[in-house]
Amino acid sequence: MTPTFSRTRTRFAPSPTGFIHLGNIRSALYPWAFARATGGDFILRIEDTDLDRSTQASVDVIIEGMAWLGLDHDEGPFYQMQRMDRYKAVLADLIAAGHVYPCYMSMAELDALRERQMANKEKPRYDGTWRPADGKTLPAIPEGVKPVLRFKNPIGGVVAWDDKVKGRIEISNDELDDLVIARPDGTPTYNFCVVVDDIDMQITHVIRGDDHVNNTPRQINIFKALGKEPPIYAHLPTVLNEQGEKMSKRNGAKAVTAYRDEGYLPDAMVNYLARLGWSHGDDEIFSRAQFLEWFNLDHLGRSAAQFDEAKLKWVNAQHLKAMDDAALAQHVLPFLSQLGVVPDARLAGICGLFKDRCDTLVVLAKWISAFYLDLVPNAEEKAQHVTDAVKPALAALADKLASCVWDKASIAAAIKETLTETGLKMPHLAMPVRVLVMGTAQTPSLDAVLALSEREKIMRQLKNA
Ligand code: GLU
């Protein structure tokens with residue numbers, strides 16, 4: 001049965017253990033996009049119950065990474081550790097309704113049971129020793145042992161759902177043993193907390209990594225025991241790294257924020273991640289607005305997607321190129337300040353001149369810095385281009401530039417006159433000038449570069465010949 005709901009509510013529920021990487025954040029992007037595309041709500045929930053592994057630093061990267069990518073949430077962040085009283089209250093309801101029983105089986109007994117089952121080539125599972133049933137006599141309660149609480153999984157029948165990615169999934173209840181839902185100290189366990197949260201937060205669509213697909217039938221059974229309809233599920237296939245292994249911090253995956261620091265644009269990253277597991281025909285490059293217009297759960301990919309840094313760079317380059325100069329100038333500011341550059345009104349124009357030859361903001365900032373800092377020309381290129389033969393022409397050009405009107409047309413005229421006077425060809429003059437003023441011979445057209453430069457600086461740099 002398809003659940004009915006009047007407003008879409010999705011969530012991202014990361015565990016703050018280790019730094020969130022691109023594979024993880026894709027599980028935030030899709031539920032966010034689905035909420036935005038359908039005019040619903042997106043909720044952030046931090047699943048921090050693993051006290052040994054959860055860290056504040058990891059929470060910070062989640063929040064910063066999402067803010068950078070513009071994945072804004074409508075509610076939260078909710079922290080599971082702050083909801084313990086709520087879980088305990090719901091647990092009490094479940095106990096009162098007879099869905100839970102205490103189990104006193106010790107670790108040693110559980111180990112022995114598992115070994116027996118393995119020896120018999122059976123799947124290891126709890127055997128229901130302590131599950132009460134009509135006419136069944138339970139073992140004597142051992143003294144001084146605090147029990148765990150187990151959930152009475154239904155016996156017989158199947159748990160089924162129509163996964164938006166994987167299609168229909170049916171799991172026989174006989175495959176599922178009675179899950180521990182509270183530890184001996186009374187603290188509730190993971191799957192139970194997730195269900196209580198998804199109910200309380202009125203989640204309509206759970207979009208998450210398929211490493212959770214085995215939890216889903218258990219969670220659905222808990223939903224039913226609590227008298228609630230489960231949400232719609234979409235389990236996203238894994239993201240593989242460039243070596244074809246599951247992306248993980250252990251395999252060298254970088255924190256999401258590292259891409260911000262390496263000069264990727266948030267919209268480019270959203271575009272790249274969107275395509276890593278979802279498609280809209282053959283469209284490769286799209287804006288955030290287009291993505292939200294197109295996104296739905298019907299075109300999620302079924303097979304694992306592989307991260308490709310070169311492709312990401314290419315996508316970033318396309319977004320840099322397409323971006324409005326003034327907006328780009330804003331994005332590049334932090335990178336300029338790292339280089340000690342204090343830009344001025346020329347910045348947007350410089351961005352416009354260089355944006356089509358950059359694949360990251362770091363590269364763009366490097367170009368821009370040449371307009372603001374006195375740079376040392378690349379020695380090899382200087383030796384190659386700034387030859388004794390060309391030095392008189394450089395002096396002649398410097399003379400003209402010292403007094404001409406400082407705009408592109410006049411600068412172009414000064415260059416042209418110098419060429420006529422000296423009989424040099426354009427590249428023979430332009431290459432050494434570029435090396436001296438920009439540090440390298442590969443730049444956009446010289447008159448445009450010079451027009452955006454400061455005359456005094458150009459004079460200084462040409463004297464370096
Ligand atoms: N906390 C889980 C994780 O980080 C996600 C749980 C869920 O989405 O249901 O993998």
Side-chain angles (χ1 to χ4, degrees), residues 3 8-35 41-63 65-66 71 73 75-84 87 90 159 161 163-166 169 179 181 187-223 226 228 230-239 246-251 253 255-256 273 277 297 300 304:
T8 307
R9 288 174 62 86
T10 62
R11 78 326 189 255
F12 177 46
S15 305
T17 55
F19 297 128
I20 189 166
H21 54 65
L22 294 187
N24 307 133
I25 200 92
R26 195 193 58 169
S27 301
L29 176 64
Y30 293 163
W32 170 81
F34 191 58
D41 301 312
F42 176 58
I43 291 131
L44 175 59
R45 174 167 94 218
I46 306 289
E47 303 202 325
D48 56 351
T49 53
D50 184 341
L51 294 180
D52 292 338
R53 295 175 58 229
S54 298
T55 64
Q56 185 57 44
S58 171
V59 173
D60 293 344
V61 175
I62 292 168
I63 306 235
M66 291 177 72
L71 309 183
H73 50 272
E75 293 169 30
F78 297 108
Y79 292 83
Q80 286 190 322
M81 281 311 290
Q82 293 172 11
R83 289 179 42 79
M84 279 299 152
Y87 305 137
V90 179
V159 192
W161 76 97
D163 197 280
K164 292 301 271 179
V165 179
K166 296 180 180 296
I169 300 186
L179 185 73
I181 64 168
T187 56
T189 57
Y190 174 73
N191 279 295
F192 179 67
C193 300
V194 169
V195 172
V196 175
D197 286 342
D198 285 339
I199 291 172
D200 285 357
M201 296 168 195
Q202 297 171 289
I203 301 302
T204 58
H205 295 75
V206 167
I207 304 165
R208 63 183 171 199
D210 68 2
D211 45 336
H212 290 282
V213 77
N214 290 335
N215 290 327
T216 304
R218 297 184 176 284
Q219 293 181 4
I220 290 177
N221 280 337
I222 299 173
F223 267 98
L226 289 167
K228 302 287 180 191
I232 291 173
Y233 290 95
H235 286 96
L236 307 168
T238 313
V239 177
K246 186 177 162 143
M247 188 179 271
S248 81
K249 201 187 158 213
R250 249 173 298 121
N251 293 336
V256 171
L273 288 175
L297 302 182
L300 292 169

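We're numbering straight along the sequence, starting at 1. For ligands, and for the atoms within them, numbers begin at 1 and follow the listed sequence.
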Sorted by chain and residue number, the residues with a non-hydrogen atom under 4.0 Å of ligand 1 are Arg11, Ala13, Pro14, Ser15, Glu47, Tyr190, Arg208, His212

In terms of heavy-atom contacts, Ala234 and Asp163 come closest through CA-OD1, 3.7 Å

Give a yes or no on this: more than 12 heavy atoms of other residues, nucleotides or ligands lie within 6.0 Å of atom NZ of Lys166. yes

Is it the case that the side chain of Asp198 and the backbone of Val195 share a donor-acceptor pair, with hydrogens and angles ignored and the cut-off at 3.5 Å? no

Side-chain touch Ile43/Pro31, heavy atoms, less than 4.5 angstrom: no

Rounding to 0.5 Å, atoms CG (Asp210) and OG1 (Thr238) come to a distance of 4.5 Å

Would you mind checking if Arg11 and Asp197 are paired as a salt bridge, meaning a charged N to carboxylate O distance below 4.0 Å? no

